Amino acid sequence: MKFDLQSSFVPTGDQPQAIKKLSAGISHGLKNQVLLGVTGSGKTFTMANLIQNLDMPALIISHNKTLAGQLYQEFRDFFPNNAVSYFVSYYDYYQPEAYIPASDTYIEKEADINEMIDKLRLQSSTNILTRNDAIVVASVSCIYNIGSPAEYGKYMLELKLGDVVDWKKISIRLTELLFERSEFEFNRATFRMRGDHMDVYLPYEDYALRIIEEYGRVVKLEHIDPLSGQQVSTAQNHIEAETIYPAKLYLTDPVVFKKAEAQIRSDLEKEYKALKKQGKPLEAHRLLKKVNYDLEMIKEVGYVNGIENYSRYFDGRNPGDPPYSLLDYFKKSYGDDFLVFIDESHMTVPQIRGMYNGDHSRKRTLIDFGFRLNASFDNRPLQFEEFYQIPSKIIYVSATPNDWEQEQAKKEVLIQKGDGNKVPHNGIVEQLIRPTGIIDPEIEIRPAVTEIPDLMKEVQIRAKKGEKTLVTTLTKKTAEDLTEYFTEKGVRAAYLHSDIHTLERSDVLDNLRKNEFDALIGVNLLREGLDLPEVTLVAILDADKEGFLRSRTALVQTMGRAARNINGKVILYADCMTDSIKHSVSEIKRRRKQQIAYNTKHNIDPKTIFKPVREKIAERPDDDHTVFDKFRNNFDIAALDKIEPDSMTPFDKKKMVKKLSREMKQYADEMNFESAILLRNKIRELK
């Protein structure tokens, strides 16, 4: 079998029956199935067993990057010998291109690409196209346009021992693959010449490739450390051949571009005339200038910022055709023989549904005012119906699945034959029993009037025992203010919300487990999937404020964070009983009743889950520089004086300028101009 699941555990509790039913459903051709599993019941382990038993590649989609990162770490541990990769939006900071007619403001696309996430994305695409054992953990960004897999698959540079060496031809080919030549800064997607050898820093790996020539032929291929230049130990130390894949997912073949250019210019002429006819000469001129500039850039360097807006021409798609997404890479490589797991489907499915409309509205304004051709409409996320048609095997995974997922699953009824008995399977498989025997936490409702002092006492009681607390608030500002208040009172606390960069969120969670603080305060990122066995208390502030963040689903999901520890408890701070509170408390009681009955019947003594702190998703260069640590979670303006430009390399200066620029904009948005000026001055000093 291709997939080799490594684990010291075996399926227990409800897992064996869930694996059996879901496997039978896939084998018999069911498209939709639901795995309704409570927190801590081992849904991820069930998914891993399904992948191994069915021996199928898989795409796991999560609705936020933090959970995707945690799932990636888990699957990487389960399948160390397989191609497990991570595909999320690669921006640390992203401002999409937009136009505000009311103030005549054009906002250019601005983005800080995270180099490490970019590497993991490229690794995902190359794994899918070159291996039969790919597992990709992705956020909803996997439904966005990334270019044709057929075109990407055609671009490669194959090298093998004994090949005739022509450094000029190799350099030209690498440039076509969007690598850059750099003799001084050796970064990802660059190459350099050094006497009788060339070094190529592969953007999708942690090592560089060294091509050594002798008497006009390739005599050795080595994997080297990009920093030291020393050979690194890999599974394949003696390399006979190596294939270099493109540095970006968007590429333009000169032949394809020539044909595309003719179509682009034809559409430009039509839309230019249409704008003039509508009495918009300014917009017509703007469009003409913009498109001509982009075409010249693509012709000269093969790439331009915003090239994805012309992707329909390069892909050969017709207007309105769905774009190529990561699912098309799976489809091209595996046909229908791959699994799609939609994790926390109650959140992820609505998110997939909503992506298209927001993108279309922003593009409409850009097109109307001459900033883009109509073709930019086709650089978009998939509509839900388009997404739904691609995979033939979908498993919705959630403790609180929505009605839509359950209805789709109930439409497909399977009569499973086993031991001579017919067992009905309506597409919904419950997994309520935890392997550890832990039952759902007790719930206590307390007055909201005294919630903060009461909460502080509870946190301090647990901190003395080395236990941890999760606190959910309604706003980011409240989370930050409460963190500051707790810290001033001597309680070790930190906050977690969407403003914290992708990879750093996982670090914050790890730091909680490493006992660096006692209370983690957040808004919505603390709801689903977090695997924190040290947490014994989940406190929900303002639980009676009915709405999205305090709905039945949100409350049940948040309560589940306390179900990893036998001492788990939930406190709802509320002055009245809302329908959501009543329904969520009732559901937890139903589950507790079944769990207690199962433990009694099988003489199970519940045990707290123990899990080691996993390795980071990706080691970052910043980790070696303590000066950067000041800007990890809570930005410290006082640390500016400790930044000494003379002691920094040009590369570090560049990274620091980017980081400080983001903070400066945030301070300016908050009207804190004094701090913004301090940051501006430090940026000027660094430059």
Side-chain angles (χ1 to χ4, degrees), residues 3 5 11 14-15 18-27 30-39 41-79 82-88 124 127-128 133-143 325-327 329-331 334 336-352 382 384 387-388 390-402 404-406 408-409 412 427-431 528-529 531:
F3 291 95
L5 174 59
D14 269 354
Q15 291 172 345
I19 294 166
K20 183 179 180 182
K21 286 185 177 180
L22 292 169
S23 296
I26 295 294
S27 301
L30 295 192
K31 180 181 175 79
N32 300 286
Q33 295 185 89
V34 170
L35 173 58
L36 195 163
V38 297
T39 300
S41 63
K43 296 189 291 292
T44 306
F45 190 50
T46 297
M47 292 156 65
N49 275 277
L50 282 169
I51 292 170
Q52 178 180 251
N53 293 354
L54 297 166
D55 205 29
M56 286 185 182
L59 171 63
I60 301 105
I61 306 175
S62 176
H63 73 280
N64 80 48
K65 296 177 181 179
T66 305
L67 297 190
Q70 184 172 295
L71 284 168
Y72 167 65
Q73 290 172 307
E74 290 190 71
F75 277 99
R76 185 179 60 184
D77 291 349
F78 282 143
F79 297 98
N82 297 111
V84 181
S85 43
Y86 181 61
F87 189 97
V88 299
S124 300
N127 281 347
I128 295 168
D133 63 342
I135 299 172
V136 179
V137 180
S139 66
V140 176
S141 64
C142 69
I143 70 169
S325 68
L326 191 70
L327 283 97
Y329 281 67
F330 272 91
K331 191 79 171 177
Y334 311 123
D336 286 332
D337 293 328
F338 68 96
L339 303 172
V340 171
F341 294 96
I342 302 184
D343 191 50
E344 306 297 354
S345 60
H346 62 282
M347 292 289 287
T348 310
V349 169
Q351 197 177 90
I352 294 172
L382 293 170
F384 185 78
F387 161 82
Y388 185 68
I390 298 174
S392 64
K393 303 167 184 67
I394 305 175
I395 297 176
Y396 307 92
V397 182
S398 174
T400 54
N402 280 334
W404 184 86
E405 297 101 276
Q406 297 187 67
Q408 299 308 305
E412 308 189 48
I428 300 175
V429 177
E430 280 200 330
Q431 190 169 294
E528 284 93 0
D531 190 357

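All values reported here derive from a predicted model rather than from experimental measurement. Reckoned from all heavy atoms, side chains included, excluding hydrogens, waters and symmetry mates.
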I'd like to know whether Thr44 forms a side chain to side chain contact (heavy atoms under 4.5 Å, CB included) with Phe75, so could you lay out the CA-CA distance, the side-chain angles of the two residues, the decisive distance to 0.1 Å, and finally the verdict. CA-CA 8 Å; Thr44 306; Phe75 277 99; 3.8 Å; yes
Atom of [X], atom of [Y] and distance for their closest heavy-atom approach:
X	Y	answer
Leu327	Cys142	CD1-O, 3.9 Å
Val397	Met47	CG2-SD, 4.1 Å
Val88	Lys65	CB-CG, 4.2 Å
Gln33	Leu22	NE2-O, 3.2 Å
Phe341	Ala58	CE1-CB, 4.1 Å
Ser62	Ala68	OG-N, 3.7 Å

Would you please classify the geometry between the His63 ring and the His346 ring as parallel, tilted or perpendicular, with 30° and 60° separating the classes?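 Rings of His346 and His63: tilted, 30 to 60°.
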Classify the angle between the aromatic ring planes of Phe78 and Phe45 as parallel (below 30°), tilted (30 to 60°) or perpendicular (above 60°).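 Ring orientation, 0 to 90° scale: tilted.
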Would you call [X] and [Y] a side-chain contact if the rule is heavy atoms closer than 4.5 Å?
X	Y	result
Leu59	Pro391	no
Phe3	Ile135	yes
Ile26	Leu50	no
Ile390	Leu382	yes

Could you walk me through whether Ser398 and Ile342 pass the side chain to side chain contact (heavy atoms under 4.5 Å, CB included) check? CA-CA 8 Å; Ser398 174; Ile342 302 184; over 6 Å; no
With distance as the sole test, does [X] use its side chain to make a donor-acceptor pair with the main-chain N or O of [Y] at under 3.5 Å?
X	Y	result
Asn32	Ile394	no
Gln408	Glu405	no
Gln52	Leu5	yes
Gln431	Leu35	no
Lys21	Gly427	no

Separation of [Y] [atom2] from [X] [atom1] (nearest 0.5 Å):
X	Y	atom1	atom2	answer
Glu344	Asn64	CD	CG	9.0 Å
Thr46	Gln15	OG1	CD	4.5 Å
Leu71	Tyr86	CG	OH	9.5 Å
Ser141	Leu326	OG	CG	8.5 Å
Glu430	Asp14	CD	CG	8.0 Å
Lys20	Asn53	NZ	CG	12.5 Å

Return the set of residues passing salt bridge (charged side-chain N to carboxylate O under 4.0 Å, His left out) with Lys331 (not counting sequence neighbours), or none when no residue passes.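 Listed in chain order: Asp336.
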Apply side chain to side chain contact (heavy atoms under 4.5 Å, CB included) to Ile143 and Phe384, showing your working. CA-CA 9 Å; Ile143 70 169; Phe384 185 78; over 6 Å; no
Let's go through Tyr334 and Ile128 carefully: what are the C-alpha distance in whole Å and the side-chain angles of both, what is the deciding distance for side chain to side chain contact (heavy atoms under 4.5 Å, CB included) to 0.1 Å, and is it a yes or a no? CA-CA 9 Å; Tyr334 311 123; Ile128 295 168; 3.9 Å; yes
Can you name the side-chain contact (heavy atoms from CB on, under 4.5 Å) partners of Ser124, sequence neighbours left out?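 Ser124: side-chain contact (heavy atoms from CB on, under 4.5 Å) contacts with Ser85, Phe87, Val136.
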Could you tell me which residues satisfy ring-ring contact (aromatic ring centres under 6.0 Å, His included) with Phe338, sequence neighbours excluded, listed by chain and number?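 Scan of Phe338 (ring-ring contact (aromatic ring centres under 6.0 Å, His included), adjacent residues dropped) gives Phe330.
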